[in-house]
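Read the structure below first, then the notes.
On a predicted model such as this, the values are computed, not experimentally measured, just so you know. Start at 1 and go down the list; that is how both ligands and their atoms are numbered.
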Amino acid sequence: MAISENRDQFSIREMGPDDLEQVGSIEQVASAHPWRRSLFQSCFDGGYHCFVGCVDSVVVGFGILSVAAKEAHLQNIAVSPDWQGAGYGRDLLGALIDLANELSARVIFLEVSVENSVALSLYLSKGFREIGIRKNYYTTADGKKDARIMRLNLAKTSGFEMITEMIRRSD
Ligand SMILES: CC(C)(COP(=O)(O)OP(=O)(O)OC[C@H]1O[C@@H](n2cnc3c(N)ncnc32)[C@H](O)[C@@H]1OP(=O)(O)O)[C@@H](O)C(=O)NCCC(=O)NCCS
């Protein structure tokens with residue numbers, strides 16, 4: 001069956017301990033700079049917001065968001081290569097943006113490799129904008145790669161909050 005025919009069966013739920021094995025496996029095959037499995041455990045144990053995307057009961061992707069002091073950070077997102085291109089990554093990212101809004105985050109930050117044009121295209125289409133470059137951020141089989149730092153502004157910020165934020169960042 002073509003993956004697009006599974007569109008209606010796609011759902012997103014919180015990640016559970018039993019999902020870590022499959023999530024780690026997806027990361028290994030999807031990412032050019034895969035996380036160690038222990039990092040997923042740390043996010044999970046650390047109370048980050050960890051979700052999986054499923055087609056029926058099969059975990060086909062995941063997304064992890066941290067939120068602190070009204071700033072959210074997209075820690076990781078991936079869809080299994082067999083299931084890419086069907087809109088699941090967009091749905092996962094949309095769910096994490098909605099969650100950040102619900103948790104009153106003002107902004108979401110993320111890093112993406114300068115070579116990752118697919119993810120970049122997704123982030124741009126969701127309104128993220130580049131705010132800088134982190135040199136040598138990723139270690140890949142081909143050596144170190146720079147990352148784009150991207151930012152998505154969420155709820156409107158009052159003038160007072162903007163000034164407070166500017167002072168905080170200049171400290
Ligand atoms: C980035 C990723 C999560 C996107 O998931 P996906 O399910 O394949 O993406 P979707 O089908 O939802 O497509 C979302 C957008 O990505 C872009 N995209 C998807 N496939 C693409 C391709 N083959 N070429 C170019 N852009 C593509 C498009 O902008 C697309 O939007 P559109 O369909 O409206 O044109 C997935 O490619 C992935 O897991 N990549 C490896 C891990 C990774 O790089 N994670 C990001 C770390 S920062």
Shortest protein heavy-atom distance from [atom], along with the residue and atom involved:
{"atom": "atom 8 (O) of ligand 1", "value": "G85 N, 2.9 Å"}
{"atom": "atom 5 (O) of ligand 1", "value": "G89 CA, 3.4 Å"}
{"atom": "atom 41 (C) of ligand 1", "value": "A30 O, 3.3 Å"}
{"atom": "atom 24 (N) of ligand 1", "value": "V118 CG2, 3.6 Å"}
{"atom": "atom 39 (O) of ligand 1", "value": "V79 N, 2.7 Å"}
{"atom": "atom 40 (N) of ligand 1", "value": "Q84 NE2, 3.7 Å"}
{"atom": "atom 34 (O) of ligand 1", "value": "R90 NH2, 2.9 Å"}
{"atom": "atom 11 (O) of ligand 1", "value": "G87 N, 2.8 Å"}

Exercise check, heavy-atom protein proximity under 4.0 Å to atom 43 (C) of ligand 1: yes

Sub-4.0 Å protein heavy atom near atom 20 (N) of ligand 1: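 It does: a protein heavy atom is found less than 4.0 Å away from atom 20 (N) of ligand 1.
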
Would you check if [X] and [Y] make a side-chain contact, meaning some heavy-atom pair closer than 4.5 Å?
{"X": "D146", "Y": "N136", "value": "yes"}
{"X": "L103", "Y": "H49", "value": "yes"}
{"X": "R37", "Y": "L20", "value": "no"}
{"X": "I64", "Y": "W35", "value": "yes"}
{"X": "D19", "Y": "R13", "value": "yes"}
{"X": "L93", "Y": "L74", "value": "yes"}
{"X": "F51", "Y": "M15", "value": "no"}

Residue part near ligand 1, for Y123, under 4.0 Å between non-hydrogen atoms: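 Near ligand 1, Y123 shows its side chain, while the N, CA, C and O stay back.
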
Ligand 1-proximal atoms of A86, by part, heavy-atom distance under 4.0 Å: backbone

Other residues, nucleotides, ligands: >12 heavy atoms within 6.0 Å of Y48 OH: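 No - once you tally the heavy atoms of other residues, nucleotides and ligands closer than 6.0 Å, there are 12 at most.
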
R36, CZ atom: more than 12 neighbouring heavy atoms under 6.0 Å: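 Incorrect, the count does not exceed 12.
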
Ligand 1 to I77 polar contact by distance, N or O atoms, under 3.5 Å: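 In this structure, I77 places an N or O atom under 3.5 Å from an N or O of ligand 1.
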
Y138 N/O under 3.5 Å from ligand 1 N/O: no

Polar side-chain atom of Q9 near backbone of D56 as donor-acceptor pair, under 3.5 Å: no

For [X], atoms of ligand 1 separated by under 4.0 Å from a heavy atom:
{"X": "E111", "result": "48 (S)"}
{"X": "Y88", "result": "7 (O), 12 (O)"}
{"X": "L122", "result": "14 (C), 15 (C), 16 (O), 29 (O)"}
{"X": "S121", "result": "17 (C), 28 (C), 29 (O)"}

Mutual orientation of the aromatic rings belonging to Y138 and H33 [parallel < 30°, tilted 30-60°, perpendicular > 60°]: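 Ring orientation, 0 to 90° scale: parallel.
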
